[in-house]
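One structure below.
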Amino acid sequence: MRAVKVLIANRGEIAVRITRACRELGYPTVAVYSEADRAALHVLYADEAMPIGPAPSRESYLRVDNILDAAKKTGAEAIHPGYGFLAENADFARACRDAGLIFIGPSPESIEAMGSKTESRRRMQAAGVPVVPGLTEAVKSFEEISAFARSAGFPIMIKASAGGGGKGMRFVERDADLRAAFERVSSEAESFFGDGSVYAEKFVPSPRHIEVQVLGDQHGNLVHFGERECTLQRRHQKVVEECPSPVVDAELRERLGAMAVKAAAAVNYYSAGTIECLMSPGRDFYFLEMNTRLQVEHPVTEMVWGVDLVKEQLRVARGERLEIRQSDLAPKGHAIECRIYAEDPSRNFAPSPGLIRYINLPQGPGVRNENGVYAGYTVPVHYDPMLSKLVCHAADRGEAIGRMRRALTEYRVEGIDTTIPFFTFIMNHPDFVAARFDTGFIDSLLGHADFARGPADEATVDAAITAAAIMAFEDSQRVQIPTDRDSPWKRAGRAEGVRGRE
Ligand code: MV4
């Protein structure tokens, strides 16, 4: 098929990642950038680059008119939205289509169907996909929520119909808290999403977040690439993802995959997408929501299942039929991803923007960096502070953890703080190694559990204790490099210490 010029309507590591896939297919690329991103890696890497506005996202990366104008000026024929920004904006997908451009993602209709939590729950229920027990229509009054709580029993979750990813939701444990929670979620939903409608679900205790990768073409063919374990989250932000899940066996994987394909088929899905589920400790799983885009954590699936999801997106966007058959697919090994953020874990993950004076990325067998920065680059304050993703793949989970520990020791960033020490701490935490965790694990470690209560200073104290633990652990791992100024005895002792660790 002839090459098409692709405009990547995103920034950072994912823009670089998409540019790579385009380059491998021989497609010319156009980067777009805000004034703050003039020297960003994705701009340097693309074949062409177009400015789309001032630093604030709402004046640049969210400006549909500026992005379409850049496509027109450069003769781009396709647009890849990446994730975040406009990736799940049905109006943007429609505007691309109306401008005669290929939107590298699903149809606007699929995006819309899955954009409303109540609509998606209704569609899933009709398709025979298990949903979290609860309402499938937005309530019209407090009395409806109260009636639901009485019939279902506490605890419940009140959620915004237009919400997702943890925004606009409240855990309610008792009747006395119900009205306040209902009013809070409604007003937050109105201000966040411009839609104050809410519904309720039965609370699923100690859940795991298990998500299933699907890929469809425009001819009704759909396959799945198994599950990802995304339970390790901090304040609803995924921090460590892995594939496969340590609690899913081949039989459960087959059931999860069948459910995901059925869910995607129910909205005539094509391109890459992810079905998010809650899984109870008893391994019951329930549809939570569908992400109608490529996900941040897609590389762990790619490394285990041997697929390039972005290339597949580019192919199906042009109308090509899937050549992959489900029977050809099987997972191999285990992959773990750590999201490297410009944040200081010893200061409660305070953002740490600024000039990267030096960076050394880990290498070696089974190590993949999805990186969006370089030495000399200044991390801007305007955007999500994720710098890159470190992904390690090995034959099994134990070896993948060991490889991640080794890779993290090689990872050096000078000039700003990063979350690297936090991952060293996690990779050595006995509960992580034993896969003994649920969605509250990280927040409880740091005292921010969504359902925990207690004064803020308790959380700060916990954060300080955790930071001290991270730093103490890091010191214990630090190799003492002998220096000429040291006495020969001290040098000998240190050298012995290093040898002793081998
Ligand atoms: C839930 C739940 C328990 N029961 N719904 C959080 C973000 C959004 N994806 C939905 N979330 C949850 N919904 C019911 N009925 C627990 C969570 C939840 C969670 C889910 C997945 C991963 C991390 C989480 C952290 C806190 C709460």
Side-chain angles (χ1 to χ4, degrees), residues 83-84 88 114-118 120-121 124-125 129-136 139 145 148-149 151-173 178 181-182 185 188-189 192-193 198-212 227-242 245-248 256 260 263 273-293 295-297 337 339 426 432 435 437-453 459:
Y83 53 65
E88 295 185 282
M114 289 299 194
S116 156
K117 300 305 163 225
T118 41
S120 62
R121 285 166 56 82
M124 294 304 105
Q125 222 166 35
V129 170
V131 298
V132 178
L135 301 173
T136 54
V139 297
I145 283 263
F148 169 76
S151 67
F154 288 99
I156 65 168
M157 294 288 281
I158 300 179
K159 294 184 177 180
S161 304
K167 289 195 190 66
M169 57 180 259
R170 275 286 180 294
F171 169 71
V172 187
E173 206 162 12
L178 192 59
F182 169 70
V185 176
E188 276 173 16
F192 281 166
F193 314 112
V198 301
Y199 69 102
E201 298 170 348
K202 190 80 182 105
F203 177 67
V204 176
S206 306
R208 280 175 179 266
H209 175 121
I210 303 291
E211 57 185 37
V212 185
E227 81 287 347
R228 291 187 287 264
E229 173 79 60
C230 299
T231 301
L232 290 194
Q233 303 192 11
R234 179 177 165 269
R235 296 184 175 179
H236 300 299
Q237 276 291 331
K238 298 163 186 169
V239 287
V240 176
E241 303 100 340
E242 49 185 309
S245 163
V247 300
V248 172
L256 279 165
T274 296
I275 304 292
E276 284 193 358
C277 298
L278 286 182
M279 185 177 286
S280 71
R283 306 288 188 276
D284 298 316
F285 56 84
Y286 310 96
F287 171 88
L288 196 58
E289 51 199 78
M290 181 177 192
N291 298 323
T292 55
R293 57 172 155 75
Q295 303 240 160
V296 171
E297 58 270 26
E337 176 181 88
R339 299 188 183 196
I426 293 293
F432 173 76
F437 49 76
D438 66 14
T439 53
F441 176 69
I442 297 247
D443 287 337
S444 60
L445 266 189
L446 300 174
H448 295 307
D450 269 0
F451 309 120
R453 271 191 293 282

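Order of appearance sets the numbers: ligands from 1, and atoms from 1 within every ligand. Keep in mind that what you see is a predicted model, and the values were worked out from it rather than measured. Counting from 1, the numbers follow the sequence of the chain as shown.
- Heavy atoms of R208 come nearer than 4.0 angstrom to ligand 1 in no pair at all.
- Close approach of ligand 1 to E289 is summarised as follows: ligand atoms under 4.0 Å from at least one heavy atom of the residue are 9 (N).
- Salt bridge present: K238 and E276 bring a charged side-chain N and a carboxylate O closer than 4.0 Å.
- With ligand atoms numbered from 1 in the order given, ligand 1 contributes 9 (N), 10 (C) to contacts under 4.0 Å with heavy atoms of L288.
- For the pair K167 and E188, the salt-bridge criterion is not met [side-chain N within less than 4.0 Å of a carboxylate O].
- For ligand 1, none of its N or O atoms has an N or O atom of H236 under 3.5 Å away.
- Applying the 4.0 Å criterion to heavy atoms of V132 picks out, from ligand 1, the atoms 15 (N).
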Apply side chain to side chain contact (heavy atoms under 4.5 Å, CB included) to L178 and I156, showing your working. CA-CA 9 Å; L178 192 59; I156 65 168; 3.8 Å; yes

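- Side-chain atoms of P246 and E229, non-hydrogen and from C-beta on, do get closer than 4.5 Å to each other.
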Yes or no on salt bridge (Lys or Arg N to Asp or Glu O under 4.0 Å) for E88 and R293, after CA distance, side-chain angles and deciding distance? CA-CA 7 Å; E88 295 185 282; R293 57 172 155 75; 2.8 Å; yes

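- Of the N or O atoms in H209, none lie within a sub-3.5 Å distance of an N or O in ligand 1.
- Of the N or O atoms in T231, none lie within a sub-3.5 Å distance of an N or O in ligand 1.
- In this structure, CG in D438 is found 13.5 Å from NE2 in H209, a value given to the nearest 0.5 Å.
- Note: an N/O pair closer than 3.5 Å links V204 and ligand 1 by distance alone.
- Formation of a donor-acceptor pair under 3.5 Å by the R121 side chain with backbone atoms of L135 is found in this model.
- Nearest to atom 5 (N) of ligand 1 by heavy atom, out of M279, K159, K202, E276, is K159.
- Here L278 has side-chain heavy atoms under 4.0 Å from ligand 1, and that is the only part of it that gets that close.
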